[in-house]
Chemist: 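Once you've had a glance at the structure underneath, I'll fire off some questions.
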Amino acid sequence: MKKGLLLSLLAFTLQAQAQPEEEKVYLLAAVNVTDTSVAQSIFLHEPDITDLSACREAVQQGKRNRDWMSYHHIQRKDRAQGFTFQFQYHCVTSAQEIEPWYDRARYDHAYLIRVDEQLKLSVKAMSSMANCFAAQRALSSAEQAITHCAKSNQQVR
């Protein structure tokens, strides 16, 4: 009896560990300073937005109204006068653990960021932006087209 109970408990534990992490919907917001290698990305998650279409709708509404009711974030263009910024927003899904965004944290995490054709996000930590650019250049041209290097203020595991 005890042996059967232990085996059942072990099987249940192994099954629970084998379950993939739950995918969440994120808004990947990327900003580049035009004609430079300066790039930052943030990963925003809203628990009540559970599919990509709701994410896209929230992005359209935020852009149109210039008031982000969902995925609220701050664009501090006043801090870098004289530069041109290019903002890009992508609704993506990921099972990676991403800590919440905090606007005052330092952007000191370098990442190689990939978004595939199914809008699956994968983020790989890099030791520096130079190493990230080198890793990206080593990829095939097709892979380079769906990746970018950026600094973030969020930890991704």
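The figures that follow rest on heavy atoms only: side chains count, while hydrogens, waters and symmetry mates do not.
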Chemist: Specify whether Phe43 and Tyr111 have parallel, tilted or perpendicular ring planes, treating 30° as the upper limit for parallel and 60° as the lower limit for perpendicular.
Modeler: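 Phe43 vs Tyr111 ring planes: perpendicular.
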Chemist: Any side-chain heavy atom of Val115 sitting closer than 4.5 Å to one from Leu28?
Modeler: yes
Chemist: Would a hydrophobic clustering, with Ile, Leu, Val, Met, Phe, Trp and Tyr connected at side-chain separations under 4.5 Å, put Leu121 with Val59?
Modeler: yes
Chemist: Is it true that a side-chain atom of Glu46 and a backbone atom of Tyr71 form a donor plus acceptor pair closer than 3.5 Å?
Modeler: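 A pair under 3.5 Å: yes.
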Chemist: I'd like to check His109 versus Gln154 (side-chain heavy atoms, cut-off strictly below 4.5 Å). Are they in contact?
Modeler: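 Of all side-chain heavy-atom pairs linking Gln154 with His109, none is under 4.5 Å.
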Chemist: Measuring from Asp116:CG to Glu143:CD, what's the distance to the nearest 0.5 Å?
Modeler: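 The CG atom of Asp116 sits 9.0 Å away from the CD atom of Glu143.
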Chemist: Tell me if a side-chain donor or acceptor on Gln144 pairs with a main-chain N or O of Arg137 at a distance below 3.5 Å.
Modeler: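 At least one qualifying donor-acceptor pair exists.
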Chemist: Check Ile146 against Glu117 and note the closest heavy-atom contact, atom names and distance.
Modeler: CD1-OE2, 4.2 Å
Chemist: Would you compute the distance between atom CG of Leu112 and atom SG of Cys132 and round it to the nearest 0.5 angstrom?
Modeler: 4.5 Å
Chemist: With a 4.5 Å limit on heavy-atom distance, are the side chains of Val92 and Val25 in contact?
Modeler: no
Chemist: Is it the case that one hydrophobic cluster holds both Val38 and Met126, taking links as side-chain heavy atoms less than 4.5 Å apart, direct or via other members?
Modeler: no
Chemist: Check the hydrophobic clustering (I, L, V, M, F, W, Y; side-chain heavy atoms under 4.5 Å; chains of links allowed) and say if Val33 and Phe133 are grouped together.
Modeler: no
Chemist: Verify, without hydrogens or angle tests, whether Glu99 (side chain) and Gln155 (backbone) share a donor-acceptor contact under 3.5 angstrom.
Modeler: yes
Chemist: Could you pull out the closest heavy-atom pair between Cys149 and Gln136, with the gap in Å?
Modeler: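 For Cys149 and Gln136, the tightest heavy-atom pair comes out as SG-OE1, 4.0 Å.
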Chemist: Check this for me: Arg157, atom CZ, are more than 12 non-hydrogen atoms of other residues, nucleotides or ligands nearer than 6.0 Å?
Modeler: yes
Chemist: So, do Asn32 and Gln86 sit near enough that their side-chain heavy atoms are less than 4.5 Å apart?
Modeler: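 Sidechains of Gln86 and Asn32: in contact.
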Chemist: Determine the minimum heavy-atom distance between Gln96 and Ser94, stating which atoms define it.
Modeler: N-OG, 3.0 Å
Chemist: Using 0.5 Å steps for rounding, measure from the CG atom of Asp51 to the CD atom of Glu57.
Modeler: 9.5 Å
Chemist: Are side-chain heavy atoms of Ile113 and Thr147 found at a separation under 4.5 Å?
Modeler: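 The answer is no, as the side chains (C-beta and beyond) never meet within the 4.5 Å cut-off.
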Chemist: With distance as the sole test, does Ser152 use its side chain to make a donor-acceptor pair with the main-chain N or O of Ser41 at under 3.5 Å?
Modeler: yes
Chemist: Heavy-atom distance under 4.5 Å between the side chains of Leu119 and Cys91, does that happen here?
Modeler: no
Chemist: May I ask you to test the Tyr89-Leu27 pair for a side-chain heavy-atom distance under 4.5 Å?
Modeler: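 Of all side-chain heavy-atom pairs linking Leu27 with Tyr89, at least one is under 4.5 Å.
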Chemist: Testing the basics here: between Lys120 and Glu23, what is the closest heavy-atom pair and its distance to 0.1 Å?
Modeler: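 In terms of heavy atoms, the two residues are closest at NZ-OE1, 2.8 Å.
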Chemist: Check for me, please, whether Tyr107 and Leu44 land in the same ILVMFWY cluster - side-chain distances under 4.5 Å, paths through other members count.
Modeler: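 Looking at the clustering, Leu44 is in the same group as Tyr107.
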